There are 2 protein chains.
Amino acid sequence: MPDPHASAFERHDHAGCRHDVLAAVEREARERGLRLTPVRRRTLEILLEEHRAMGAYDVLERLAKDGFGAQPPVAYRALDFLVDHGFAHRIRRLNAFAACMHPDHSHAPVFLICTGCNAVAEAPGEQVREALDATARSLGFAVERSNIEAVGLCPTCAPE
Amino acid sequence: MPDPHASAFERHDHAGCRHDVLAAVEREARERGLRLTPVRRRTLEILLEEHRAMGAYDVLERLAKDGFGAQPPVAYRALDFLVDHGFAHRIRRLNAFAACMHPDHSHAPVFLICTGCNAVAEAPGEQVREALDATARSLGFAVERSNIEAVGLCPTCAPE
DNA sequence: TCCGTTCGTGTTATACTATTACATATCATT
DNA sequence: AATGATATGTAATAGTATAACACGAACGGA
């Protein structure tokens, strides 16, 4: 099994992580009584196959090829479902979506977007999330959800 | 002078903070050799007057009423200028813009968006930013810019 | 099993957000 | 005043997202 903690910037076994994540999502959905319908499942597969942040219309195009509806709501609804239940993430800076690589445990990840190669890594966000909660709490604000995104250069693209 | 550290969730003297921020921006622009042209200045004034996150088209509408061009690029260019130089912020979650309340010192704020009253507060982001940098660094990622946004309930809207 | 309700899908249409491209004008500098 | 860089105005279009409605499948209770 691929190292689940490997950074998305590192080389890893795509086929393996794809399979594992899908299995984890299926199990989660079953346990939580969620309906992982054909469109939803296929949408997740597409995100996993591409293994990158994809626009809703890119996803839609692929869904249409697979015989699903070709109108925007088809993609948006499936993507919203995945995001709502933690099986995918929305990256607002890119107006894009990406499969969650750790769907089995709740987490609020941080996204690192490389301006050199356009790769997007899902980094562990516990520390950042904790700091954010503390900051919010000091103002009496109760955080429900958050998005934390950074753009910069990944190790490969960074100058020496 | 209004307390510059007051949370946006607290009552405060809008007219006062408006004036102070505008003065600070004018000084900053002068010192840094930036051209705070009429559209740009008016755009900032609009954001300050409304004192909330505004869509580009809302801003555009007001600019048009004031005799400026009525096409989207007019608003987007002015807003981009303000954002690029730290005089305003872009809140991606809302596809909106808000005047920066502390334009005199560089900072990477955190945005707290209340789902109850739609208020947006600009909270100090040093701690969060530090945690984000640490997380990114551990993956060899060099952060250039980031956006950190949280949705939840402000003190006023939170249930007892 | 039948009925009603909820949920999911497909479709049409439209709303909202943002950028490209190009012409014109203004500014800073010589 | 001439030049090059910067800023503005406008037209056209690209890209992102949602509302509203019809239909049908899944679910739960009588």
Side-chain angles (χ1 to χ4, degrees), chain A residues 25 29-30 32-47 52-85 87-98 118 147 149 151, chain B residues 25 29-47 52-85 87-98 113 118 147 149 151:
Chain A
V25 167
R30 211 175 320 117
R32 295 199 244 148
L34 302 173
R35 293 168 59 186
L36 191 62
T37 61
V39 215
R40 291 169 175 175
R41 191 194 149 101
R42 186 70 198 116
T43 300
L44 178 59
E45 284 175 1
I46 289 167
L47 290 179
R52 63 180 176 90
M54 297 181 76
Y57 282 74
D58 295 334
V59 173
L60 177 59
E61 199 175 319
R62 301 223 13 202
L63 285 174
K65 276 186 194 160
D66 292 346
F68 295 100
Q71 306 307 321
V74 172
Y76 279 103
R77 282 193 290 233
L79 290 165
D80 286 346
F81 168 86
L82 296 173
V83 170
D84 283 348
H85 296 96
F87 302 146
H89 298 290
R90 185 168 198 153
I91 295 145
R92 309 208 84 106
R93 192 133 197 154
L94 304 175
N95 291 322
F97 301 82
N118 292 315
N147 57 294
E149 303 167 3
V151 297
Chain B
V25 168
R30 209 175 321 118
E31 282 174 8
R32 300 186 352 218
L34 302 172
R35 291 167 61 185
L36 191 62
T37 62
V39 216
R40 292 169 175 175
R41 191 195 148 100
R42 185 70 197 117
T43 300
L44 178 59
E45 284 175 0
I46 290 167
L47 291 179
R52 62 180 178 92
M54 298 181 76
Y57 282 73
D58 295 333
V59 172
L60 177 59
E61 199 174 319
R62 301 219 19 199
L63 286 174
K65 276 186 194 161
D66 293 346
F68 295 101
Q71 307 306 320
V74 171
Y76 279 101
R77 283 192 290 231
L79 289 165
D80 286 347
F81 169 86
L82 295 173
V83 170
D84 284 348
H85 296 95
F87 302 146
H89 297 292
R90 184 167 199 154
I91 295 146
R92 310 207 84 107
R93 192 132 197 155
L94 304 176
N95 290 323
F97 300 82
I113 305 165
N118 292 314
N147 57 293
E149 303 166 4
V151 298

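Computed from a predicted model, the values in this text were never measured in an experiment.
Atom CG of B/Asn95 sits about 6.5 Å away from atom CG of A/Asn95, to the nearest 0.5 Å. To the nearest 0.5 Å, atoms CD (B/Glu45) and CZ (B/Arg62) are separated by 9.5 Å. Atom CE in B/Met54 sits 8.5 Å away from atom CD in B/Glu61 (nearest 0.5 Å).
Contact check for A/Asn147 versus B/Asn147: side-chain heavy atoms found under the 4.5 Å cut-off. By the 4.5 Å heavy-atom criterion applied to side chains, B/Leu82 and B/Phe97 are not counted as neighbours. You'll find the side chain of A/Leu47 reaches within 4.5 Å of the side chain of A/Leu79, heavy atoms only.
Regarding B/Asp84, its CG atom lies at a distance of 14 Å from the C1' atom of D/dA7, rounded to whole Å. Between A/Leu60 atom CG and D/dG15 atom P there is a gap of 14 Å when expressed in whole angstrom units. Atom CG of B/Leu34 is separated from atom C1' of D/dT6 by 13 Å (rounded to the nearest Å).
Across all strands shown, A/Phe81 has no heavy atoms under 4.0 Å from either base or sugar-phosphate atoms. Nucleic acid contact class of B/Arg90 (heavy atoms, under 4.0 Å, all strands): sugar-phosphate only.
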List, with names and distances, any nitrogen or oxygen atoms from the protein found under 3.5 Å away from nitrogen or oxygen atoms belonging to nucleotides 24-29 of chain D.
none

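Interface limits on DNA chain C: the 5'-most and 3'-most nucleotides within less than 4.0 Å of chain A heavy atoms are C/dC7 to C/dT12.
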Walk me through it: do B/Arg30 and B/Leu36 pass the test side-chain contact (heavy atoms from CB on, under 4.5 Å)? CA-CA 8 Å; B/Arg30 209 175 321 118; B/Leu36 191 62; over 6 Å; no

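The ring-ring contact (aromatic ring centres under 6.0 Å, His included) analysis of residues 62-83 of chain B, with sequence neighbours excluded, yields the pairs B/Phe81-B/His85. For residues 64-77 of chain A, the salt bridge (Lys or Arg N to Asp or Glu O under 4.0 Å) pairs, not counting sequence neighbours, are A/Arg42-A/Asp66.
Under the salt bridge (Lys or Arg N to Asp or Glu O under 4.0 Å) criterion, A/Arg92 pairs with no residue at all, not counting sequence neighbours. Every residue two or more places apart in sequence or in another chain that forms a salt bridge (Lys or Arg N to Asp or Glu O under 4.0 Å) with B/Arg52 is listed here: B/Glu50. Taking A/Arg93 as the reference, nothing meets the salt bridge (Lys or Arg N to Asp or Glu O under 4.0 Å) condition, with sequence neighbours excluded. B/Ala53 pairs by the side-chain contact (heavy atoms from CB on, under 4.5 Å) definition with B/Ile91, B/Leu94, B/Ala96, B/Val120, not counting sequence neighbours.
For a distance-only test at 3.5 Å, the side chain of A/Tyr57 fails to qualify as a donor-acceptor partner of the base of D/dA14.
Contacts with DNA chain C (heavy atom under 4.0 Å) in residues 63-80 of chain A: A/Gly69, A/Ala70, A/Gln71, A/Pro73, A/Val74, A/Arg77, listed by number.
The bend of the helix from C/dT1-D/dA30 to C/dT30-D/dA1, defined by the angle between the axes of its first five and last five pairs, stands at 40° to the nearest 10°.
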